[in-house]
Structures are given as C-alpha cells and as structure tokens.
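We number each residue from 1, following the sequence as shown. First listed ligand is number 1; within each ligand, the first listed atom is number 1.
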Amino acid sequence: MDYYVLTLFPEMIEACMKTSITGRAINNGYITMNAVNIRDYAANKHRHVDDYPYGGGAGMVMQAEPVYLACEDIKKKTKKNPRIIYMTPQGRVFDQSMAKELAKEEELVFLCGHYEGIDERAIELEVTDCISIGDYVLTGGELAALVVMDAVSRMVPGVLSNEESGKSESFENSLLEYPQYKRPEEFMGRRVPEILLSGHHANIEKWRREQSLARTAEMRPDLFKKAELDKKDIEYLKNNIKNLQL
Ligand code: ADE
C-alpha cells in the first residue's frame with residue numbers, strides 16, 4: 001500500500017506513521033508513506049494557501065489552486081488513478097468494513113484540510129471519496145487521516161504478525177470482542193474466569209460468544225442490526241438482557 005497525504009503539516013503525519021506497527025510495516029516494505037506539503041504548490045511568494053471566503057463568514061478557506069496542483073502532481077507520480085479521499089466531518093462515517101475495502105487499493109491519497117475547509121471547486125475536480133471519523137469537528141484532517149491509515153494498514157496482508165491478527169476482533173461479524181486475560185491467574189485479588197482455565201474448548205467458545213453478546217448489548221446495541229445471530233445467540237440475549245430490542 002502506497003499512501004500519499006496532502007497536508008500543511010507533513011511532519012505530524014510522518015512522526016505518527018513511523019511509530020509502532022505502521023513504522024515496522026514501512027521498514028518491512030508493506031507500506032510506503034509520502035507526506036506532501038500543500039504549501040509547496042502555493043504560487044505567491046509568501047506561500048499563503050488560505051484566503052477569506054466569498055460571501056463573508058468566519059475563518060479562512062484553503063484556496064483551490066495549490067490543492068488542485070498538488071493533487072495533479074500526485075496523480076502523475078502514482079501508477080493508476082488513485083482514490084483521493086478528503087477528510088471532512090461531512091463525509092461518510094468510517095468503519096471497519098471501509099477499512100477492509102480501502103486496504104484492497106494499491107495506492108490511497110488523503111487530502112487534509114485546515115482552517116474552515118477547502119474551496120469547493122478543488123474538491124469537485126479532484127476528490128473521489130469524503131470520509132469522516134465521527135460526529136465531532138477536529139482542527140484539521142491530519143488526525144482523521146492517521147486514524148484511517150492506521151485501521152487500513154492493519155488490514156494490509158503482512159502488516160500484522162500472525163499473533164497480532166487473531167480473527168476474533170471487535171466488529172468481526174459486527175460484535176464487540178470478548179474480554180481477554182493473560183498471566184498471572186490472580187491479579188489484585190481478581191481471578192481469571194475459571195472456565196478459561198478448564199481446557200474445555202467448546203465451553204470456552206460458548207462463554208466467549210456470550211461475553212461478546214453481553215458487551216455488545218450493553219455498549220453498542222445498534223450493532224445488532226448488522227450482526228449475524230443464530231438461535232442460540234438470540235436465546236442467550238432473551239434470557240439474559242432486559243429490554244433489548246433486536
Ligand atoms: N476534519 C475535521 N473534523 C473531521 C472529522 N470528524 N472527520 C474527518 N475529518 C475531519
């Protein structure tokens with residue numbers, strides 16, 4: 001996966017992506033990271049990229065030209081016509097299924113806005129997708145692009161080791177993950193649930209499934225709309241969770 005990020009703060013993107021698992025993936029050649037400074041495409045000598053909006057109103061808007069030129073330049077450098085993703089609270093809300101879908105691309109370009117947004121014409125001309133990471137407003141698209149790249153990178157083959165990429169994860173089949181325990185057997189007076197020490201695999205699977213169902217019911221009942229539940233799941237929920245609407 002080759003990432004390109006158009007930003008006014010390339011050092012923010014680079015520092016984060018070079019850290020931890022994404023950093024290892026870069027070193028091992030599974031992903032590449034190209035942070036491009038939009039300011040390098042500003043025509044004026046002060047390298048300004050923002051201006052007051054037509055029609056008045058608060059804040060500054062990023063000008064169309066440097067954004068457009070930066071996108072065009074990147075398109076020349078990439079192999080195919082890559083998806084150009086504008087990070088904005090007005091976009092489609094990001095989730096795990098989008099992470100999996102984006103991980104199939106060879107190249108992704110992220111456009112990070114600052115100030116009060118980007119001139120609409122640059123968006124119309126260049127952007128293929130708009131993504132939001134949730135219903136709140138950040139000071140810029142950088143943190144949002146980092147969130148998306150982190151989640152997408154985990155889905156790129158080779159990025160996670162076998163140990164890291166266990167298949168039961170939160171949102172796998174739209175349920176939250178069951179609780180995990182490691183050594184020691186007792187910590188601050190709290191014991192690991194006996195069933196996990198029993199060695200009885202079928203009972204352990206059943207317990208884990210029920211924990212997933214109970215957590216989802218408590219924290220994210222909205223996920224049940226998408227989850228595949230069998231008869232046993234529904235019976236467990238009916239018998240154990242009060243007032244749940246499926
Ligand atoms: N830029 C500002 N807020 C954002 C959000 N919630 N998601 C994506 N990009 C953003």
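- Contact annotation: Gly140 has at least one heavy atom less than 4.0 Å from an atom of ligand 1.
- Shown in contact with Gly134 at under 4.0 Å from a heavy atom are these atoms of ligand 1, numbered in order with element: 6 (N).
- Counting atoms of ligand 1 from 1 in the listed order, those under 4.0 Å from a heavy atom of Ser132 are 6 (N), 7 (N), 8 (C).
- Distances below 4.0 Å separate heavy atoms of Met87 from the following atoms of ligand 1: 8 (C), 9 (N).
- Inter-residue side-chain proximity for Ser198 and Ile204 is flagged as met; some heavy-atom pair is nearer than 4.5 Å.
- Salt bridge status for Glu210 with Lys206: present, with a side-chain N to carboxylate O gap under 4.0 Å.
- In this structure, Asp129 does not pair ionically with Arg92, as no charged nitrogen and carboxylate oxygen lie closer than 4.0 Å.
- Counting heavy atoms closer than 4.0 Å to ligand 1, residue Ile131 contributes backbone atoms (N, CA, C, O) but none from C-beta onward.
- Considering backbone and side-chain N/O atoms, Leu138 comes within less than 3.5 Å of an N/O atom of ligand 1.
- The residue Asp135 has no part lying near ligand 1, judged by heavy-atom distances below 4.0 Å.
- Considering backbone and side-chain N/O atoms, Ile133 comes within less than 3.5 Å of an N/O atom of ligand 1.
- Asp73 has a carboxylate O that lies under 4.0 Å from a charged side-chain N of Lys77, or vice versa, which qualifies the two as a salt bridge.
- Contacts of Ala144 with ligand 1, taken as heavy-atom pairs under 4.0 Å, involve the side chain alone.
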